[in-house]
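Contents: one structure, followed by commentary.
Scope of the values below: all heavy atoms of this structure, side chains included, with no hydrogens, waters or symmetry mates.
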Amino acid sequence: MKQKYDFSTIEAKWQKNWEETDAFAVYEDETKEKYYVLEMFPYPSGKLHMGHVRNYSIGDVVARFKTMNGFNVLHPMGYDAFGLPAENAAIKNKVEPARWTDDNIEEMTRQLKQMGISYDWNRTVATCRPDYYKWMQWIFIQFYNKGLAYKKENPVNWCPSCKTVLANEQVIEGRCERCDTEVGKKELSQWYFRITDYAESLLENLETLDGWPDKVKIMQKNWIGKSEGAEVTFQIEDYDKGLDIFTTRPDTLFGVTYMVLAPEHPYLKDLVAGSPYEKEVLDYVEKVQHMSDIQRSAATGEKTGVFTGRYCINPVNDKRVPVYISDYVLMGYGTGAIMAVPAHDQRDFDFAKTFDLEIIPVVDTKDPEIDVYDLKEAFAAEGNMINSGIFDGMNNKEAILQITAHLQEKGIGKRDTNYKLRDWLISRQRYWGTPIPMIYCKDCGWVPEKEENLPVMLPTDVEFTGKGESPLSTSKEFADAVCPKCGKPATREMDTMDTFLDSSWYFLRFCDARNDKEAFNYEKVKYWMNVDQYIGGVEHAILHLMYSRFFQMALYDCGLVSTREPFRNLLTQGMVIKDGKKMSKSLGNVVSPSEIIEKYGADTARLFILFASPPERELDWSDAGVEGSFRFINRVYRMVYEFTEKYGNGDADHSTENKRDKELLYKMNATVKKVTEDIDERFNFNTAISAVMELVNEMYKYKEGPVNEKLFRGAIEAVILILSPFTPHVCEELWRQIGKKTSVHKMKWPGYDEDALKKDTVEIVVQLNGKVKKKLDVTNNISKEELEKTAMSDADVMKMLENRDIIKIIAVPNKLVNIVVR
RNA sequence: GCCGGCGUGGCGGAAUUGGCAGACGCCCGGGACUUAAAAUCCCGUGGGAAGUGAUUCCCGUACCGGUUCGACCCCGGUCGCCGGCACCA
């Protein structure tokens, strides 16, 4: 054994060994309990960053720990390899996207292996390879056949910089989530997935996800945005159709003083045709159409709109109310029309003030500060009904139910539920994605490509103009197809799929990655799914995690998988920051994993990143802290080196000859217990590591005195075993150096001896009025009465109590005695 | 605006069921080893006061208040920071 901790030789040696022995390959085995741990696969941008290192280090600890605890552990890795950067690199550097991506995948795989992460590389996937996107296309067709995919002309979010459409989820505060450019509107015919069909399931099932952080569940809940209320039909005067509106406040129906349509409302053109209001209305519509969402919502409170010249009749009181259009009503939600109750809705109130419209209160307040007939702002709180006919005097919560029932009875309305969630726009006008396997035939319309013709290959003879046309249309041959239905010449769809589709089922492909007959085998998926522990950044709380849930449900309904939810437990790791700021090139505070690995080794990098902070919190990178982790590994290495030099190899046991031995044995067992619980129950890797540090500190002190060789050897073995998920290379090396023939990774996780954890005496605290005054060693587990008696008969305690009146004594066994005195 | 989360030494962070606040690490200081330095090992390290000294006392978990024998932890309010959503009827 070398005296010096030579990390680069050790790490290279064991990485080679693990690769040659295919050490982390797994197979379905019904006799063993399975455990599926998955980290979110990366986009192959070129090199790993610290966020990746953190993510994969966390996953690797879990994987190795569960393996040592007897589970059959699936721990795969792959690449989310379609996407814009490859295409932009192609435009900029004239490199083919496939080539650029492959090079990056190669480099990142090398780095992952250098980290010593225990992946089963036989299962790796890259979503840009035909053996993956073939099945992506196949799944698309299953969804199409089930009616879950459809094409529709609609105003869509358009990023002028990325030159493509975006899903609602990809628009962040009106800007593109990728490039931060302001998103505009464009009328386009695009493919959608009917995710709204699953709105209720996606919402309801959140309740069952006990292993998910509340934060993520709340974010998804808000995104789905369920509202319960009523749909009410208002008759339009001199018109053959009624106007349907949705409201969550049917109790305010008597307070309606006007109506508002969205500028995109389908009745609008017809309603104003030939009227003196037509020009002004159409001008307003024209203006709104050219505004982005940012502009449209920029002046919140500043309401604009136009009167249509039309009137509606309020079905509950026959009141005649004017109809306006305004951009504060959105076509995409509810029915695209609202009843306006300015007294009880702030937006309606603002509009009414601007246009000098009537404000009628229908809910009174008991607050003497507020006069409902002279409101400064809308009154949204609870109260009793007024101006509402037979409902007057009723509490408004009750009135919601009563009025809804009334509407239902009269046939002018019904209970209704709306969601903010919109259908998922999945077409992209980009090259580097999965081609949508649909063919347009003049006679048959849209027809899916035949299964035997899959995959629809991405053509290579394309131009990257970056002009917003689908690049696939520049291919000479791609467009030409034969209608799968009638056999006549037809045209292929030129758009590709949103890359979020690729990542919505990769965890299923990992269960059966090399299958060339199916997307995945049902039985294999049944064995491995669900993912027991999913780990990744919280930035995916809505997009990826909701799309994947939708896929899983849809695939379940297609009979292709056996569970409705994909991820049982979710850990959202915090960001890696430096000097209080996000690591970024522009701030110049980026620390690259490769420089750390070169200087200290992968084990040190892993240990530090797990030690510095609990996984869900932000992690402040500290170069001095890395030194500390490196020192600790050296300290362990040196301890094992010195011991084996002196005693050689041999057997270990737990024999104790004296008090010191007993204390060491106690510490060893207590540490194994703590580390086990910290990893398994709480993911508190930082405290697990600090516990091992404490044990090692104690071992250093112990070996200054007489050493019980077998006991100390047992402690060394325990340290190597419990540290091995964190620092696998050095532990593997040390394990062999103490004479073991089998990989430490294949060893059984050490148990702990509850008997050794039972101390003869425990230290208890004596408090005076809640303040610690004295510590006493008392027999373990003595009763409350005995404890109190022991404490009260202690000489120092008696001295403290001289001339004091004892009011009360609280004794908590094995913890404390609190004496309350005057 | 609405919905979440967080606030503990010089720093990262511990305190797992309401029971010793500050584990472990970093930084810093002292000592041992060395011709010397590095490395290593050992000791100290929240703030303040008193004492030659072992030690003793007071203050202290953003702020104000409450419940309790006892509060970083529970309750009410205030301030600050961070995250998500945002004209969703």
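The side chain of A/K771 contributes an N or O atom lying less than 4.0 Å from OP1 or OP2 of B/C59. Close to B/C57, at under 4.0 Å from its OP1 or OP2, lies a side-chain N or O of A/K773. Neither OP1 nor OP2 of B/A39 sits under 4.0 Å from any side-chain N or O of A/R631. Residue A/R617 has a polar side-chain atom (N or O) positioned under 4.0 Å from OP1 or OP2 of B/A14.
On the P atoms, B/C42 is 27 Å away from B/G10, given to the nearest whole Å. B/G9 and B/A15 have their C1' atoms separated by 15 Å, with the value rounded to a whole Å. If you take atom P in B/C11 and the same atom in B/G48, they sit 15 Å apart, rounded to whole Å. Comparing the same atom, C1', in B/A62 and in B/G80 gives a spacing of 8 Å after rounding to whole Å. Going from the C1' atom of B/C79 to that of B/C26 covers 31 Å, rounded to whole Å. Nucleotides B/C63 and B/G7 have their P atoms positioned 13 Å apart, rounded to a whole Å. For the P atom pair drawn from B/G46 and B/G25, the interatomic distance equals 15 Å after rounding to whole Å. As rounded to the nearest Å, B/C20 and B/A14 have C1' atoms that lie 14 Å from one another.
Here B/C41 is the nucleotide among B/C41, B/C27, B/C69 with the atom lying nearest to any side-chain atom of A/R635. Checking B/A15, B/G70, B/C87 against the side-chain heavy atoms of A/N818 singles out B/G70 as nearest. Of the candidate nucleotides B/G83, B/A89, B/G19, B/G83 has the atom lying nearest to any side-chain atom of A/K215. Listed nucleotides B/C87, B/C69, B/A14 differ in distance to A/T687; the shortest reach to its side chain belongs to B/A14. Residue A/K303 has its side chain nearest to B/C87 when only B/C87, B/G19, B/C20 are considered. Here the side chain of A/E694 is nearest to one of B/A89, B/A23, B/C3, namely B/A23. Closest contact between the side chain of A/P614 and the listed nucleotides B/A21, B/C58, B/A14 involves B/A14. Of the candidates B/G12, B/A89, B/C87, B/G12 carries the atom nearest the A/F611 side chain, counting heavy atoms from C-beta on. With B/C26, B/A89, B/C87 as the candidates, the nucleotide lying closest to the side chain of A/T247 is B/A89. When the nucleotides B/C87, B/C24, B/A89 are ranked by their closest atom to the side chain of A/S690, B/C24 comes out on top.
B/C2 is paired with B/G84 under the Watson-Crick or G-U wobble criterion, all donor-acceptor distances under 3.5 Å. If you check B/G18 for Watson-Crick or wobble pairing at under 3.5 angstrom, you find it has no partner at all. Pairing for B/G7 is with B/C79, a Watson-Crick or G-U wobble pair whose two hydrogen-bonding atom distances lie under 3.5 Å. If you check B/G70 for Watson-Crick or wobble pairing at under 3.5 angstrom, you find it has no partner at all. Shown here, B/C24 forms a base pair with B/G12; the pair counts as Watson-Crick or G-U wobble because both key distances fall under 3.5 Å. Using Watson-Crick or G-U wobble geometry with both donor-acceptor distances under 3.5 Å, B/G60 finds no partner in any strand shown. Across all strands shown, B/U35 remains unpaired; no Watson-Crick or G-U wobble contact has both distances below 3.5 Å. Applying the Watson-Crick and G-U wobble criteria (two distances, each under 3.5 Å), B/U55 pairs with B/A50.
Mapping A/K815 and A/V820 onto RNA chain B by nearest heavy atom places A/K815 at the nucleotide closer to the 5' end. Taking for each of A/R422 and A/S613 the nucleotide of RNA chain B with the nearest heavy atom, the 5'-most of the two is the partner of A/S613.
Here the CE-NZ distance, from A/M50 to A/K578, works out to 10.0 Å after rounding to the nearest 0.5 Å. Annotation: the span from A/S227 atom OG to A/R249 atom CZ amounts to 13.0 Å, rounded to 0.5 Å. Put simply, CG on A/N814 and CD1 on A/I782 are 8.0 Å apart, with the number rounded to the nearest 0.5 Å.
No side-chain donor from either of A/D214 and A/W212 sits under 3.5 Å from a side-chain acceptor of the other.
Counting non-hydrogen atoms under 4.0 angstrom, A/Q767 reaches a base of the nucleic acid. Residue A/G334 is classed as having no contact, given no heavy-atom separation below 4.0 Å to the nucleic acid. Residue contacts shown for A/D214 are absent, as no nucleic acid heavy atom lies under 4.0 Å away. Looking at heavy-atom distances under 4.0 Å, A/L330 makes contact with a base. Counting any heavy atom pair closer than 4.0 Å across all strands shown, A/K703 reaches no nucleic acid atom.
The separation between A/K226 atom NZ and B/A89 atom P is 13 Å, rounded to whole Å. Across the protein-nucleic acid pair, A/L610 atom CG and B/G12 atom C1' stand 14 Å apart, rounded to whole Å. B/C87 atom C1' lies 17 Å from atom CD1 of A/I245, rounded to whole Å. Spacing between atom CG of A/N697 and atom C1' of B/C42 amounts to 12 Å, rounded to whole angstrom units. Going from atom OH of A/Y637 over to atom P of B/U40 covers 15 Å, rounded to whole Å. Between the CD1 atom of A/I689 and the C1' atom of B/G25 there is a distance of 11 Å, given to the nearest Å. The distance from atom CD1 of A/I810 to atom C1' of B/G19 is 11 Å, rounded to the nearest whole Å. One interatomic measurement links the two molecules: CE of A/M219 to P of B/A86, which rounds to 11 Å at whole-angstrom precision.
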request  = Applying salt bridge (charged side-chain N to carboxylate O under 4.0 Å, His left out), run through A/R415 and A/E231 and close with a yes or a no.
outcome  = CA-CA 6 Å; A/R415 279 193 56 184; A/E231 192 174 284; over 6 Å; no
query = Given the rule in the salt bridge (charged side-chain N to carboxylate O under 4.0 Å, His left out) test, do A/K703 and A/E642 qualify, once you have shown the distances and angles that lead to the verdict?
reply = CA-CA 10 Å; A/K703 74 183 174 71; A/E642 284 169 11; 3.2 Å; yes
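When the shell of 6.0 Å around NZ of A/K759 is examined, it contains 12 or fewer heavy atoms from other residues, nucleotides or ligands.
Salt bridge A/K303/A/D327: absent, no basic N to carboxylate O contact under 4.0 Å.
Anti is the glycosidic conformation of B/G46, whose angle departs from 0 by more than 90°.
Between the side chain of A/K775 and the base of B/C20, a donor-acceptor pair under 3.5 Å is found.
Remark: A/R638 fails to qualify as a cation-pi partner of A/Y5 under the 6.0 Å distance and 45° angle criteria applied to the six-membered ring.
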